[in-house]
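Beneath this line is the structure, given in structure tokens, with notes to follow.
Just so it is clear: chains get the letters A, B, ... in the order the sequence lines come, proteins before strands, and each one is counted from 1.
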Amino acid sequence: MVLPPTAMLVVTLLTLPLATATLLFASGRQPRTLTLAAALLSTCAALALGLNVHLEGVSVHAIGGWEAPLGIHWQVTVPGAVMLLATAMVGLAGAVYGAGYFVHRPGPEGRMARVFMPLWLFAWGGLNALFVAADLFNLYVALEVLTLASVALVALSARRTALQAAMRYLLAALFGSVIYLLGVALLYGQYGILDLDGLTSKLDPKHPGSRAGAVALTIGLLTKAAIFPLHFWLPGAHGRAEPPVSALLSGLVVAAAFYLLLRLWFGPLAGLLTFGVGTLFGAIGAGALLWGGVLALMQRRLKMMVAYSTVSQFGFAMLVFPLALAADREPVVTGGTLLLANHALAKAALFLAAGSLVRASGSDRIDRLVGFTGSSRWAWIAVILAAAALIGVPPTLGFSAKWLLLQVAVAEGAWWWLGAMLGGTLLTFAYLGRLLERALLAPAPAPHPPKLKIALLLPALLLALLACVMGLWAFDVETFARLEPGP
Amino acid sequence: MTVFYFAGALFLLANVVVALARVLRGPTAADRMLSGELMGTTAVAVLLLLYGATGIEAIIDVALVFAILAAMAVVTFVRRTWPEDPAVDNEREQT
Amino acid sequence: MHPAEALFDALLLLSMVVLAWQGVHARNMFRAVVSFMMFGLLTAVAWVRLEAPDIALAEAALGAGLTGALLLATLGRLKPERRGARLQRAAKLSMLPWLALGLAGTMTLLAVTLALPAPGLGERVLSAMPEAGVDSPVTAVLLNFRAWDTLLEIAVMLLAVIAIWSLGQDVLASTSRLPAPSLPALVRLLFPLLVLSTFYLLWRGGHGPGGAFPAGALLAAGLVLALLAGARVPERMTGAPLRCALAAGLLAFIIIAVGVMAEGGVFFAYPPRHAPMLIAIVEIAAGLSIGVMLTALFLGGEPTDTQGGST
Amino acid sequence: MSLPPGTLFLLASALLFAIGAHGLVTCRHLLRKVLALNVAMTGVFLLLVTLGRSGTTVDPVPHAMVLTGIVVALSTTAVALGLIVRLERRRP
Amino acid sequence: MSTIAGAILIVLGLLFFLSGTLGLLRFPDVFTRLHALSKADTLALGLVCAGLALHADDGTLQLKLLLIWLLVIVSGATCSSLIARAALAHGIRPWQR
């Protein structure tokens, strides 16, 4: 089989969603077949790209033929390709789910359906642009595309609570952007270049300019990734948005900011990752694990619980930094990337399934959810599978990721971080177990739960299954060895 | 000659800083808007003097843009901001 | 540098800082907005002082025109009692630690920035200029060397329009019914001038300060002025034509970026023979589209047939 | 004058950034928060251009970055203002 | 010769700006302030433009300066009338001794 060259695939991945979204907006109509075809095509491009990277390795493309310090590069790294794949899966699943979830009708009732798809595609394009970008300022613009699309998606229902959450999210994200841009300015003033590779070779960890720049970039990205003390905006935004939107936001938008953190700290800023910095990140992560986990345990509403779970899970991801203090960073970066991918798939599945359950139950209180009956059964199966992946039950992708990190922790003798990881896993088990127990063992009486459309069940099920099956593939250590970080 | 232009620009700037007192004191919204107007005209003059000092031609274009848009703020203010109901006045709002 | 020059800079920056503080903390909301608009005017002067006429043009067109109009229109849509909530004494006290933190941060930032060598890419841009297809370095960076940034930026703008329209259609403000006999006359004079200067700036963009953004901002200012004077969006323009005009800039950008791949196989690599023409097409499409998009942002909602194409 | 040429502008940009960040945290009214964000943005833009000037030739890349940034900031501001107006209308 | 004449015109313009500010600060109500400001400022800017035009020897430039002045006259007059009408409609009564 002959695959198209990587450059073509990247161009497709970046321009197809944007162009389709623009055309949809211009026409003012939403032909479902066309949007789903575009989503499917993007997914195929991502799959082919992933295969290309697997076969040929990392590749770099100069846009417009202008070489790096002057022009902008796209860089397809292995972690980037993994995230592109996860984006494609969640993007396709969300598009199908959205087609079934929103009411398609002319007039005001159909407003959400009309607006959803263009925004969804813009967000998708923004994510793709972000995962291949290798330039500090280009990353900023891509982040803004993503932010505006996400804010508009949060405000989709136009209810007061949703608008409030969107406003809060917008302010937090813009605050993050300002600080990020300050960091870009400081680094540009120091080195006069913007591309990540050039910075990696030039960066002098001793200079106060690089340190201040690193601090600014990091605070900006921590805000956008909603890492523990700066997570204040997340639960509202993710808990009050419509289900497919929550899936995208929780699974990918937050992960994108975190991915950038990984990209920067294991790329240009690697020289600055000292013991103190790593420990600080680890402490933040441990705090997030605890705080998010405990609050998730206390929630009464299903979607809020899942949203707090995101805060907690990203605490887990923060533990990557102290673990990387050891000589060998490769397995840690791999573990971190797999963790992000697992979270993207499982959390998106969880939110999609939660949306279906809420629709079937007519309430999002955990103690009013329908039980394991009728078509809701399939949603529950998706929830169980996703929960298994989030907790890290053996064959899942979550297990592979955590197992890698555990091995590093044991090898290093980092008992503190080991303890935090185990504690976090236990908390995850506790709140997800509580959900399953409440709903499956003591279900609310629901005489005639409405039958759910297949579009509301299949995407969640497939995503959750994927999170489980990918673990089998990723557990092959040979595969691990190939997942080296970018050049 | 450059110094002359800069001294003139400095004088205008000082002038407008003094006029800022009107923004602070009000009392009505129209008064504040007036000092905004003054600021617009002065900015045009400052730009013209800066052009005299530096000789960069693009500065005249900037001044031209300012002059074309000088009316914009006041028009928006009169048409959109000041509520039509005289009972809701800016003076009372402050206390 | 002569003392008068340094003194001018000092006074300019000092008033900017004072106005910025007023713009954030003034007791009365209207006062804050007017201060912020004045801050915008002075920022444009500061760009001139920094020898950045391109930015000064954009800032003048956006700052003096659209940002102010947008803020004032928003203020008019808010309920009056919400405009000027007075700060409580306790709230003022609670600001102090943040203030201290801010000052400490400022000092650090200043110390760091003073030590920066600031090498920059100026030389590289200069040496690449002969192949850029335009004479103005800033336009070359925007539309050729870093064109992908600009494409995404237009996407951000279109996204902002979609986002605002997606919030529902219920907030179109009514124009004041105060008699304003001189206004239509003013607009009849200014509108052609604004359109003329839009094209002047588009044309200038190829070899000097100017280009799509200031031009678009001026076009938008003209359209907004017309709307304020009571002009209506013609009903036959509200639906698909308006949407197409909004989307045209981004679409043209994408089509050209992908289209040039037919020649060299590289995304956004203008073939040297056609580079000036292609860049001009992109610039004109982007400029006009930006003008319409900015107007749409000012409108704050989708103009609909049911509301009779209200302003 | 003994100070290097850009010092005043650097000082102003740092102050503007501080005012904006401080206002964003302490202000209650949403419109003020939006204004504060814009002030902070202007501070960063000034910093970029001042740094771009200190080299031997005028560097157009920061100019282009700031132009892009201004347009992005305006777009996000417009969305924020739209949200504020909508929130006001939904006030119970 | 034209250099000196231009400088004198500019200085005169600056003085008129000052008088406009004084009026803005010292006059008792909106209408009187409007009166002082719009006239003094328009004239002042005209003088500055004229002074600069004397210094410049480029026809396009002088045309641009003239255009700037005309624009400021037109918008100044319109704005004064708009603000005055709005103030009257808001029940602000002109000041009387």
Side-chain angles (χ1 to χ4, degrees), chain C residues 1 6 9-10 13 16-17 20-21 23-25 29 32 36 43 50-52 54-55 58-59 62 67 70 74 77-79 82 85 95 98-99 102-103 105-106 109-110 113-114 116 118-123 125-126 137-138 141-142 146 149-150 153 156-157 160 163-164 167 171 213 297 300, chain D residues 1 4-5 7-12 14-23 25-29 31-32 35-36 38-39 42 45-47 49-64 66-68 70-72 74-79 81-86 88-89:
Chain C
M1 195 164 27
D9 285 350
L13 294 170
M16 275 176 71
V17 169
W21 178 264
V24 177
H25 292 289
M29 205 64 217
F36 182 80
T43 312
L50 284 171
E51 296 165 56
D54 295 87
I55 310 178
E59 182 85 43
L62 292 176
T67 315
L70 202 58
T74 306
R77 289 172 190 174
L78 297 184
K79 284 175 199 142
R82 288 282 301 162
M95 277 165 59
W98 292 108
L99 205 59
L103 282 181
T106 313
L109 198 58
L110 190 65
T113 47
L114 279 177
L116 293 178
L121 289 171
E123 317 248 322
V125 173
L126 276 187
V138 177
V141 173
L142 277 174
R146 298 184 67 90
D149 276 349
T150 312
E153 177 211 328
V156 167
M157 209 169 197
I164 292 182
L167 293 175
V171 278
F213 303 115
L297 290 181
Chain D
M1 302 281 293
T7 313
L8 280 174
F9 283 91
L10 288 182
L11 176 66
L15 271 175
L16 288 180
F17 183 80
I19 290 175
H22 166 253
V25 181
T26 55
C27 288
R28 294 261 182 77
H29 197 292
L31 190 51
R32 282 176 204 273
L35 292 181
N38 276 293
V39 168
T42 309
F45 294 158
L46 271 183
L47 176 69
V49 173
T50 313
L51 287 175
R53 215 170 60 119
S54 359
T56 43
T57 52
V58 172
D59 182 359
V61 175
H63 292 201
V66 170
L67 274 175
T68 308
I70 286 178
V71 176
V72 170
L74 181 75
S75 310
T76 44
T77 304
V79 174
L81 293 180
L83 272 173
I84 291 176
V85 171
R86 255 70 166 198
E88 185 83 18
R89 299 284 157 119

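Distance check, rounded to the nearest 0.5 Å: NE2 of D:His63 to CG of C:Asp54 gives 7.5 Å. Here the straight-line distance linking atom CG of D:Leu74 with atom OG1 of C:Thr67 works out to 5.0 Å at 0.5 Å rounding. Between the CG atom of D:Leu16 and the CE atom of C:Met16 there is a distance of 5.5 Å, given to the nearest 0.5 Å. Here CG of C:Asp149 is found 12.0 Å from CG of D:Leu67. Values are rounded to the nearest 0.5 Å. The structure places OG1 of C:Thr74 at 4.0 Å from CG of D:Leu81, a figure rounded to the nearest 0.5 Å. Rounding to the nearest 0.5 angstrom, the gap separating the CG atom in C:Leu50 from the OG1 atom in D:Thr50 is 4.5 Å.
D:Pro60 is linked by a side-chain contact (heavy atoms from CB on, under 4.5 Å) to C:Val125, C:Pro137, C:Val138, C:Val141, counting only residues two or more places apart in sequence or in another chain. Here C:Thr150 pairs with C:Leu142, C:Leu143, C:Glu153, C:Phe213, C:Phe253 under the side-chain contact (heavy atoms from CB on, under 4.5 Å) rule; sequence neighbours left out.
Nearest heavy atoms, D:Ser75 versus C:Val156: CB-CG1, 4.1 Å. Residues D:Val49 and C:Ala52 approach most closely at CG1-CB, 4.3 Å, considering heavy atoms. What you find for C:Ala20 and D:Val39 is that their closest heavy atoms are CB-CG1, 3.8 Å. Nearest heavy atom pair, residue C:Ala6 against residue D:Leu8, reads O-CD1, 3.9 Å. Considering every non-hydrogen atom in both C:Gly102 and D:Ala18, the closest pair reads O-CB, 3.8 Å. For the pair C:Val24 and D:Gly23, the tightest heavy-atom approach, listed with the atom from each and the gap, is CG1-CA, 3.7 Å.
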* To do: For side-chain contact (heavy atoms from CB on, under 4.5 Å), just list the numbers for D:Leu11 and C:Leu13, CA-CA rounded to whole Å, side-chain angles, deciding distance to a tenth of an Å, and then say yes or no.
  => CA-CA 9 Å; D:Leu11 176 66; C:Leu13 294 170; over 6 Å; no

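Only the side chain of D:Val25 comes within contact range of chain C, with at least one heavy atom under 4.5 Å from a heavy atom of that chain. Within the 4.5 angstrom heavy-atom criterion, only side-chain atoms of C:Leu62, from C-beta onward, approach chain D. Contacts of C:Ala163 with chain D are made by side-chain atoms alone, with heavy-atom separations under 4.5 Å and no backbone atom involved. Both the backbone and the side chain of D:Ala36 come within less than 4.5 Å of a heavy atom of chain C. Interface remark: D:Leu46 contributes backbone and side-chain atoms alike to the contact with chain C (heavy atom separation under 4.5 Å).
Most heavy-atom pairs under 4.5 Å with chain C: of the set D:Thr68, D:Ile70, D:Thr76, D:Leu47, this distinction falls to D:Thr68. Listed options C:Val17, C:Leu103, C:Thr106 were ranked by heavy-atom pairs under 4.5 angstrom with chain D; first place goes to C:Thr106.
Ring-plane geometry between D:His22 and C:Trp21 is classed as parallel, the angle between the planes falling under 30 degrees on a 0 to 90 degree scale with a further cut at 60.
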